[in-house]
Amino acid sequence: MTASTTYEQVDVLIIGAGLSGIGAACQLARLSPNQKVAICEARSAIGGTWDLFKYPGIRSDSDMYTYGYGFKPWVEKEAIADGSQILEYIRDAAKEYDVERLVRYNHKVVTANWVSDENRWHVQIVQTDTGEQVTVRCRFMFNCCGYYDYDNGYTPQFAGIDQFGGQVVHAQHWPEDLDYSGKRVVVIGSGATAVTLVPTMSQATKSLTMLQRSPSYVVSVPKRQLFAKILSPFMPKLWVSKLSRWKQVLLQIYIYQMSRIRPNGLKDFLIKQIRKELGDQYDIDKHFTPNYNPWDQRLCAVPDNDLFDAIKEGRAEVVTDHIDQFNSEGILLKSGTQLNADIVVLATGLTLKLAGGIEHSIDGRVSALPDHFVYRGMMFSDFPNMAFTVGYTNSSWTPKADLTAKFVARLLDKLDQENYASVTPRLHGNIGEVPLLDFDAGYVLRAREQFPKQGDRLPWKNYQNYIKDYLGLNFNKLDDAELEFRK
């Protein structure tokens, strides 16, 4: 590796060129156009998740009215979009707001050190294609990496997996040349990835089994929403999209609140809908009735009943059991059942890595993120001039990402207009500790100790509620007692 050299100096360094990073750059171009911005992207293309994941049928599990950007309304007819449509949408936004030119590809951020004498972050970067190490100095660092580990999906330890004579594929690392037509396939998992893979792959496989330890909540959603259909003949596409966005936001908030207030009622409703699709003869209790309440983990959305259609048509089956071990022919279950397979797909979940796993320090002293509290769901206590994007866990990701970027633009304007050098969240008084992601999904529980804390009061509590955030982040004054501005 070559010696580190100064690459450039910018006002704002955005880390990550996925949905959040491109959205942040577009928002700054709209709202704070005088900032000199650069975007570091570790990979060789923009798009983040939607460029990385290649498995069959990949799509959004949120409607695009809310998953799309607020400043670029989704105007296509179908509310549930496939991965290629979302990737094209992100790239179109980058071109429309002329931020594609800001992306530094193959630039992986490794460390970031705040230098108080300069009021600047010194950001160490490795160019993944050449190995060269460079430095960017920036006034404000905006981390839009999210919290997924792009390099490694979660793979449980399965006994005897090396004895299996077929092919094992992790959904996060899908081989482009994988031919599953006419093959016996077992998909291990019960989450969003599994319920996406099964109906798509089953159109070509000889047999397909979705093997799960326990069920998840699965709900069918229409690819094209009735609300938008009704409005379309009478309104321009832009207004249809904006109204549909707010309708979906309110609906998502309502469903989540019902899951907290009347969990059994919502559970009964969701199970009843599945029973309508699969009939009373199907063992709904075993295969589609989770042992937790709705929204204790994320609901799995399937468009237009495609998973249930695959089951009814005999193209796919669901098996609920535990794996004893792999063998040369396939998988032996605890019940004694043998599942023979040519291909086993691991849809076993994600590994989390907050903020890209970057090592942060203040004046050379390393400061670990779990030691800090999160201010308004986007900044870390005692970290100057830094924000990060984490979307909603109980709704679409993007509305919170939009609000975060707009709030950062407001902060930057205040720094410029009032000649401040830095802004730092400072915790005052006693506060209770709450996990940042108050969510019981396996991938969250496995990584909870890696995450910073949130508090039990504002501005340190993240309410996971778009209406509260919309009012609080758009209209609150920036002279918060726990937000320290310095000349």
Side-chain angles (χ1 to χ4, degrees), residues 16-19 41-62 67 80-91 105-106 128 145-158 161-162 164-212 216 298 300-303 306-307 310 315-316 323 326 330-331 339 341-353 397 441-443:
L19 179 79
E41 170 53 52
R43 303 176 67 250
S44 59
I46 66 173
T49 297
W50 303 107
D51 180 72
L52 172 70
F53 287 83
K54 306 291 187 182
Y55 60 79
I58 181 170
R59 54 170 171 74
S60 64
D61 64 350
S62 298
Y67 193 73
I80 303 297
D82 62 37
S84 61
Q85 289 177 293
I86 300 171
L87 183 57
E88 183 179 2
Y89 171 80
I90 296 170
R91 290 173 174 169
Y105 296 105
N106 302 305
T128 56
C145 292
Y147 50 60
Y148 294 149
D149 185 342
Y150 276 23
D151 297 323
N152 302 290
Y154 175 65
T155 303
Q157 297 298 313
F158 294 118
I161 195 168
D162 293 338
F164 178 51
Q167 190 171 0
V168 178
V169 174
H170 196 290
Q172 186 166 323
H173 307 287
W174 196 267
E176 292 187 9
D177 59 350
L178 180 67
D179 181 11
Y180 54 85
S181 59
K183 302 290 180 64
R184 300 167 299 172
V185 176
V186 174
V187 175
I188 301 177
S190 62
T193 302
V195 302
T196 300
L197 280 164
V198 169
T200 304
M201 294 184 70
S202 66
Q203 296 176 15
T205 57
K206 179 180 180 181
S207 66
L208 194 147
T209 301
M210 187 173 94
L211 173 60
Q212 59 182 14
S216 300
R298 193 172 176 88
C300 295
V302 298
D306 64 356
L307 175 66
R315 292 185 282 116
I323 294 173
F326 277 68
I331 302 170
L339 295 179
D342 302 305
I343 300 172
V344 173
V345 178
L346 305 180
T348 45
L350 302 157
T351 302
L352 300 194
K353 182 193 287 185
W397 176 275
Y443 63 88

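The figures that follow rest on heavy atoms only: side chains count, while hydrogens, waters and symmetry mates do not. The residues of the chain are indexed from 1 along the displayed sequence. Note that the structure is predicted; figures quoted are calculated from it, not measured.
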(request) Starting at SG of Cys145, measure out to CD of Glu41 and round the result to the nearest 0.5 Å. (result) 8.0 Å
(message) Counting only heavy atoms from other residues, nucleotides and ligands, does the tally under 6.0 Å from NZ of Lys54 exceed 12?
(response) yes
(request) Please tell me if the side chains of Tyr55 and Val169 come closer than 4.5 Å, counting only heavy atoms from C-beta onward. (result) no
(message) Can you confirm whether Gln172 sits close enough to Phe53 that some side-chain heavy atom of one is under 4.5 Å from a side-chain heavy atom of the other?
(response) yes
(message) How long is the straight-line distance from CD1 of Ile331 back to CD1 of Ile323, given to the nearest 0.5 Å?
(response) 4.5 Å
(request) Give the minimum heavy-atom separation between Ser62 and Ile80, together with the two atoms involved. (result) O-CD1, 3.9 Å
(request) Answer yes or no: is there a side-chain heavy-atom contact under 4.5 Å between Ser60 and Ile86? (result) yes
(request) Would you sort out whether Arg91 and Asp51 count as a salt bridge (Lys or Arg N to Asp or Glu O under 4.0 Å), showing the intermediate values? (result) CA-CA 11 Å; Arg91 290 173 174 169; Asp51 180 72; 3.5 Å; yes
(message) With a 4.5 Å cut-off on side-chain heavy atoms, are Ile161 and Val344 touching?
(response) no
(message) Between Thr196 (side chain only) and Ile58 (backbone N and O only), is there a donor and an acceptor less than 3.5 Å apart?
(response) no
(request) Over all heavy atoms of both residues, which pair between Ser190 and Cys300 is shortest? Give the atoms and the distance, please. (result) O-SG, 3.9 Å
(message) Between Gln85 (side chain only) and Asp82 (backbone N and O only), is there a donor and an acceptor less than 3.5 Å apart?
(response) yes
(request) Mind telling me whether Phe164 and Phe326 have parallel, tilted or perpendicular rings, with 30° and 60° as the class edges? (result) perpendicular
(message) Quick one: does any side-chain atom of Gln167 pair with a main-chain N or O of Asp342 as donor and acceptor, under 3.5 Å?
(response) no
(request) State, to 0.1 Å, how close Leu350 and Tyr154 come at their nearest heavy-atom pair, and which atoms those are. (result) O-CB, 3.6 Å
(request) To the nearest 0.5 Å, tell me how far Arg184 CZ sits from Thr205 OG1. (result) 12.0 Å
(message) For Leu208, is there any backbone N or O sitting under 3.5 Å from a side-chain donor or acceptor partner on Ser202?
(response) no
(message) To check you understand the geometry: which heavy-atom pair defines the closest contact between Leu339 and Thr209, and what is its length?
(response) CD1-CG2, 4.2 Å
(request) For Ile90 and Gly18, work out which heavy atoms get closest and say how close. (result) CG2-O, 4.4 Å
(request) For residues Tyr105 and Ile46, determine if any side-chain heavy atom of one lies less than 4.5 Å from a side-chain heavy atom of the other. (result) yes
(request) Looking only at non-hydrogen atoms, find the nearest pair between Met210 and Gly189 and report the distance. (result) CG-O, 3.4 Å
(request) Working to the nearest 0.5 Å, report the span between CH2 of Trp397 and CG of Asp61. (result) 12.5 Å
(message) Keeping Tyr150 on the side-chain end and Thr49 on the backbone end, is there a donor-acceptor pair under 3.5 Å?
(response) yes
(message) Counting C-beta onward and ignoring hydrogens, is there a side-chain heavy-atom pair between Val345 and Trp174 closer than 4.5 Å?
(response) yes
(message) Nearest 0.5 angstrom please: Arg315 CZ to Asp306 CG, how far?
(response) 8.5 Å
(request) Output the distance between atom CG (Asn152) and atom CG (Leu352), rounded to the nearest 0.5 Å. (result) 12.0 Å
